[in-house]
Amino acid sequence: MRILLSPDATGAGVAAAAVIASSLGDRPAPVLGVATGSSPQPLYRALADRVQAGLDLARATAFALDEYVGLPVDHPESYHSVIAREVIGPLGLDPSRVHVPEGVSADPVAAAARYEALIAAAGGVDLQILGIGANGHIGFNEPGSVPDSRTRVVDLAPRTVADNSRFFDGDAGLVPTRALTQGIGTILESREIVLIAWGESKADAVARAVEGPQTAELPASFLQRHDRVTLVLDAAAASRLSSASLPVDAGR
Ligand code: F6R
């Protein structure tokens with residue numbers, strides 16, 4: 001895994017946007033995988049600046065990683081709403097090319113299969129943006145998720161419900177307890193992955209993802225199987241990595 005270090009979250013966002021812009025190059029119609037939550041917000045702000053400066057994503061296709069099950073699409077914290085607010089608008093994406101799992105479907109199992117088929121029909125994901133949960137989840141693949149898992153309905157871990165209560169007025173009782181998420185196997189099929197993490201609360205998960213054994217107990221550790229992963233970290237998120245994992249110029 002390639003690791004890029006920035007002093008703070010804003011810098012990590014700028015660095016991640018640079019990686020993405022350079023990877024996309026002049027590809028006219030890339031397929032992006034997009035995460036929600038706090039982690040990618042500085043990245044989306046930096047990418048939006050690049051869009052203002054001429055980066056054209058109007059023909060990009062995008063697939064969200066996940067969506068809460070049962071939360072109305074128009075709830076401000078549904079990932080449909082978050083993606084519209086933080087991704088589609090600022091990045092100038094065409095809403096008709098942006099997909100989010102149908103968490104309100106009466107048949108979420110069928111919705112999961114449809115989502116996999118849509119990704120396949122788009123030719124797969126060129127570049128997947130990820131955050132990481134404090135418990136090492138990617139997407140909502142909580143501890144226990146196996147590396148060949150596909151898009152499916154999952155139960156959120158109590159830690160994730162507690163962490164995400166900040167988006168629901170601090171009330172864990174308002175956080176949905178199930179989600180539709182791309183699987184680890186789905187994520188690992190993307191051709192390139194950029195994971196952004198910042199803040200001390202991610203330091204342990206980051207260190208175990210990079211340096212620990214590949215284990216379902218820390219689902220992000222399966223990213224070690226992918227040969228094109230860049231982790232863009234701020235100093236706090238990188239603070240528990242051993243110096244052997246850090247870029248040679250880190251700290252100079
Ligand atoms: C969001 C997602 C999750 C988050 C993770 C970190 O689409 O798939 O894996 O990336 O829960 O959340 P934040 O960034 O809010 O700390």
Side-chain angles (χ1 to χ4, degrees), residues 8-10 12-13 16 32-46 62-69 71 75-88 98-103 112 115 119 125 127-145 149-168 170 172 175-188 190 193-206 208-209 218-223 229-234 236-237:
D8 54 26
T10 304
L32 299 173
V34 286
T36 51
S38 311
S39 305
Q41 288 173 347
L43 157 58
Y44 294 140
R45 282 195 289 273
F63 289 95
L65 274 171
D66 38 25
E67 175 60 289
Y68 294 113
V69 165
L71 195 63
H75 186 288
E77 295 305 331
S78 79
Y79 288 166
H80 280 79
S81 297
V82 173
I83 291 283
R85 194 166 63 229
E86 297 178 1
V87 181
I88 297 179
V98 179
H99 309 280
V100 181
E102 300 163 65
Y115 206 63
I119 295 173
V125 171
L127 193 146
Q128 175 67 56
I129 295 166
L130 291 180
I132 184 171
N135 65 359
H137 72 219
I138 48 175
F140 277 137
N141 293 282
E142 300 285 21
S145 299
S149 52
R150 310 301 306 187
T151 302
R152 67 200 187 289
V153 178
V154 294
D155 291 323
L156 298 185
R159 171 83 196 254
T160 303
V161 171
D163 285 349
N164 286 8
S165 66
R166 71 193 193 280
F167 298 114
F168 292 84
V175 183
T177 55
R178 293 194 307 155
L180 255 176
T181 183
Q182 289 190 34
I184 308 263
T186 320
I187 292 169
L188 290 178
S190 53
I193 295 173
V194 175
L195 183 152
I196 180 166
W198 44 267
E200 164 68 23
S201 66
K202 304 299 174 68
D204 182 56
V206 165
R208 291 173 65 198
L218 202 290
S221 63
F222 293 123
L223 294 174
V229 179
T230 303
L231 264 60
V232 188
L233 308 173
D234 79 342

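Read the numbers this way: they start at 1 and go in the same order the structure lists the ligands and their atoms. Heavy atoms only: backbone and side chains are in, while hydrogens, waters and symmetry mates are out. Please read all numbers here as calculations on a predicted model, not as lab measurements. We count residues from 1, following the sequence as given.
Across all non-hydrogen atoms, the minimal contact from G199 to A236 is C-CB, 3.7 Å. Closest heavy-atom contact between D8 and D234: C-CB, 3.6 Å. Nearest heavy-atom pair across S165 and V175 is CA-CG2, 3.6 Å. Between S81 and P76, the closest heavy-atom pair is CB-O, 3.5 Å.
Of the candidates N141, T36, V34, N135, T36 brings a heavy atom nearest to atom 7 (O) of ligand 1.
Close contacts of ligand 1 with G131, meaning ligand atoms under 4.0 Å from a residue heavy atom, involve 10 (O). Per-residue contacts place L65 under 4.0 angstrom from the following atoms of ligand 1 (heavy atoms of the residue considered): 8 (O). Counting atoms of ligand 1 from 1 in the listed order, those under 4.0 Å from a heavy atom of R166 are 13 (P), 15 (O), 16 (O). Atom numbering of ligand 1 starts at 1 in the shown order; those under 4.0 Å from a heavy atom of S38 are 13 (P), 14 (O), 15 (O).
Residue, atom and distance of the protein heavy atom nearest to atom 14 (O) of ligand 1 are S39 OG, 2.4 Å. For atom 6 (C) of ligand 1, the closest non-hydrogen atom of the protein is I132 O, 3.4 Å. Ranking the protein heavy atoms by distance from atom 3 (C) of ligand 1 puts G139 O, 3.5 Å first. If you check which protein heavy atom lies closest to atom 16 (O) of ligand 1, you get K202 NZ, 2.7 Å. Atom 11 (O) of ligand 1 has H137 NE2, 2.6 Å as its closest protein atom, hydrogens excluded (heavy atom only).
The backbone N or O of A237 lies less than 3.5 Å from no partner atom in the side chain of W198, so there is not a single donor-acceptor pair.
With a 4.0 Å cut-off on non-hydrogen atoms, T181 does not touch ligand 1 at all. At a 4.0 Å heavy-atom cut-off, ligand 1 touches D66 through the side chain alone. For E142, no heavy-atom contact with ligand 1 is shorter than 4.0 Å.
More than 12 heavy atoms of other shown residues, nucleotides or ligands fall within 6.0 angstrom of atom CZ in R150.
Within the 4.5 Å cutoff, the side chain of E142 has heavy atoms near those of the N135 side chain.
Between R152 and the options T181, T186, N141, a side chain to side chain donor-acceptor pair (under 3.5 Å) holds for only N141.
In this structure, the ring of F168 has its center less than 6.0 angstrom from the ring center of H75.
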